[in-house]
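Taking it in order: structure first as structure tokens, then the write-up.
Not measured: the values here are computed from a predicted model. So that the names make sense, note that chain A is the first sequence line, chain B the second, and so on, each numbered from 1. Keep in mind that the numbers below use all heavy atoms, side chains included, and drop hydrogens, waters and symmetry copies.
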Amino acid sequence: MDDLYRDYILEHYRHPHNFGVLEAPTASYEGSNPLCGDRITMMLRVEDGVVREVAFTGRGCAISQASASLLTDEIKGKTVEEVEAMTPDDVLELIGIEISPARLKCALLSLDTVAHALADEAAEKAESGGSVSASASGAGQG
Amino acid sequence: MADLATTGPTSQAAPARLDPYSLRKDFPILATSNRFGKPLVYLDSAATSLKPLAVIEAVDGYNREYSSNIHRGIYEIAERATEAYEATRVKVARLINAPEPAEIVFVRNATEAINLVAYSWGRRNIGRGDTIVLTEMEHHANLVPWQLVVQEMDGDLEFVPITDDGILRLEVYEVLLHLRPKLVAFTQVSNMLGTINPVREMVEMAHAAGALVLIDGAQAVPHVPVDVQELGADFYVFSGHKMLGPTGSGALWARRELLEAMPPFMAGGDMIREVHLRRSEWNEIPYKFEAGTPDIAAQIGMGAAADYLMGLGMEAVRAHEQELARYALEVLPREVPGIELYGPAAELRGGVVSFNLPGIHPHDVAQILDRSGICVRAGHHCTMPLHERFDLAATARASFNVYTVPEEIDALAVGLREVARIFDR
Ligand SMILES: Cc1ncc(COP(=O)(O)O)c(C=O)c1O
């Protein structure tokens, strides 16, 4: 059997967790991998420095979709610092299968997109006067 | 003569057909297998072709026996290198029936050839408000250079649309020609749809409207008979590595008057006749466009590839690949339930079949096929606008060459059923 296409990977692909749209995200970002046409929008609601809710939409290969499903499960309830400290290796460990170099971009698109969303949010906060209050309304759609 | 058979394809004097089974032994890589011991089923020839021994040995021979620079040394091996390099020009000219070898400019690949024309001819001849007509099926190589030209020169691009079957809509082309474009540039064979365009007719129409024509022959020269004089083209570009030659080799052909009127694209050694501190005189064509030391070995290999193809006969190559396309278009829908195929019928198609399995990303398709040793391309194949036209994020693509046999298409069908099985469980 193909290691890359274990049942649980295909299960996450067919029925991804946290797939959908968040009503009032404090951070969101659309990441894409133009080489293969993978596209993911990550939406997060951060309160008091903690990821309270997270959801994603998009389309792509089994690896990128399963990775987004697993990653969103993982970061829910984590602090922003914890999420920001996540490395590619952490994601690969989550996915739990060996990823060939050609597919790394697919596997890591979700983490990359989350990182962008959080970075954008941080930048917006810094711009709006550095009030690091965590109020949900603080981060408007700039 | 016994020694006629030492290199290149054997024995067919007037080849109506080629025998892919016997010529497979000319391609050493076909004897290899993957990490699971599966033999190579190479269905990605549109990306780059495999190389026959004749080409490998030509490259090796230069490196081993007469490695030296060209057009410079006054000693035996340098003269030999220059001779072999210039002999390639003659062979390549013959392959596309160019009127004279001096009209063949060596470049690294088709992309470089198009950029050469865009920079040198385009920046001199495209002005404010001028139009360039392209098509929706162009490879990025025949799109992005023109985007840069019209951005810089304040010109416009127009695009010939295609039908859902992947055929250019000539009635719209006709209308676009009323804009009196300065240049029309299109591919002879689409690398995604496989469509073989009616280039001769399109050239005639363009000329009647006063436009020059550039033909992207990257997917044509390896697969169909090409006669630039018969086509009436003004510029014709192609890559060596897709026509059984080495990477790093390629050619631009253009009519002498055009090349002579064009300024150099790159400057340096070899491209000049006289250099003074504040001015220089350009060398004659084609050397004016060949600044610096080229990829001599690769270009010599391209000459061997041209010989190999001419030995097979391009009519025979075309007949073989058309048969493969017909076979694939028949077998895949029958054997692989739900498969979606893109592009026209086999009569209008080169050896290219792009497809999707519903609900399965082509990267996953390609990855699972790889286990069985089957190599297909997955992605947008450098034709993003064309994929947008069909509202596709990506496709998988199988593409054929002289060494492809129907059994490999059977193997693809079996592999695709396995992909569907894995995703359905
Ligand atoms: C139709 C077409 N044009 C141009 C190119 C560019 O060729 P190269 O990458 O060798 O420059 C390709 C290669 O994929 C092609 O298929």
Side-chain angles (χ1 to χ4, degrees), chain A residues 1-17 19 29-42 56-71 88 91-92 95-113, chain B residues 34-38 44 47 139-140 143-144 192 340 342 354-397 414-425:
Chain A
M1 204 21 54
D2 200 311
D3 272 356
L4 207 52
Y5 296 92
R6 298 244 179 92
D7 283 340
Y8 71 92
I9 294 290
L10 291 169
E11 200 44 39
H12 274 281
Y13 175 59
R14 278 192 285 256
H15 306 292
H17 301 181
F19 192 88
Y29 191 82
E30 184 184 21
S32 70
N33 180 356
L35 223 54
C36 34
D38 289 346
R39 209 171 265 285
I40 280 181
T41 301
M42 280 284 176
F56 76 99
T57 59
R59 61 176 181 179
C61 64
I63 307 301
S64 74
Q65 298 291 296
S67 149
S69 176
L70 288 156
L71 180 70
V91 176
L92 296 182
I95 303 176
I97 49 175
E98 197 157 318
I99 304 282
S100 65
R103 300 303 292 280
L104 267 183
K105 274 212 165 75
C106 311
L108 298 178
L109 176 62
S110 55
L111 178 65
D112 193 54
T113 306
Chain B
N34 77 357
R35 61 202 184 283
F36 304 111
K38 298 278 166 60
D44 196 17
H139 187 281
H140 297 167
L143 169 60
V144 184
M192 183 258 179
E340 285 167 20
Y342 310 103
S354 292
F355 59 90
N356 263 318
L357 296 184
I360 309 178
H361 193 285
H363 266 201
D364 296 318
V365 172
Q367 182 100 50
I368 294 172
L369 289 176
D370 171 58
R371 283 181 56 97
S372 311
I374 302 172
C375 311
V376 299
R377 178 82 184 263
H380 52 59
H381 327 309
C382 297
T383 54
M384 276 180 97
L386 184 56
H387 279 73
E388 275 169 13
R389 156 70 179 75
F390 286 100
D391 198 21
L392 295 165
T395 52
R397 179 186 72 187
V414 171
L416 290 175
R417 278 211 305 272
E418 169 71 3
V419 174
R421 200 188 57 72
I422 288 174
F423 269 77
D424 276 349
R425 28 170 221 249

Has A/Arg39 got more than 12 heavy atoms of other residues, nucleotides or ligands less than 6.0 Å from its CZ?
no

Using non-hydrogen atoms and a limit below 4.5 Å, what part of residues 101-111 of chain A faces chain B?
A/Arg103, A/Cys106

Show the nearest heavy-atom pair for residues B/His361 and A/Asp38, with the distance to one decimal.
NE2-OD1, 3.3 Å

Looking at residues at least two apart in the chain, or sitting in another chain, which of them share a side-chain contact (heavy atoms from CB on, under 4.5 Å) with [X]?
{"X": "A/Ala62", "result": "A/Tyr5, A/Tyr13, B/Asp364, B/Phe423"}
{"X": "B/Glu388", "result": "none"}
{"X": "A/Ile97", "result": "A/Leu4, A/Arg6, A/Tyr8, A/Ile9, A/Ile63, A/Ile95, A/Ile99"}

Side chain, backbone, both or neither: which part of A/Arg59 has an atom under 4.5 Å from a heavy atom of chain B?
side chain

As a quick check of understanding, evaluate side-chain contact (heavy atoms from CB on, under 4.5 Å) for A/Ser64 and B/His363, giving each step before the final call.
CA-CA 10 Å; A/Ser64 74; B/His363 266 201; over 6 Å; no

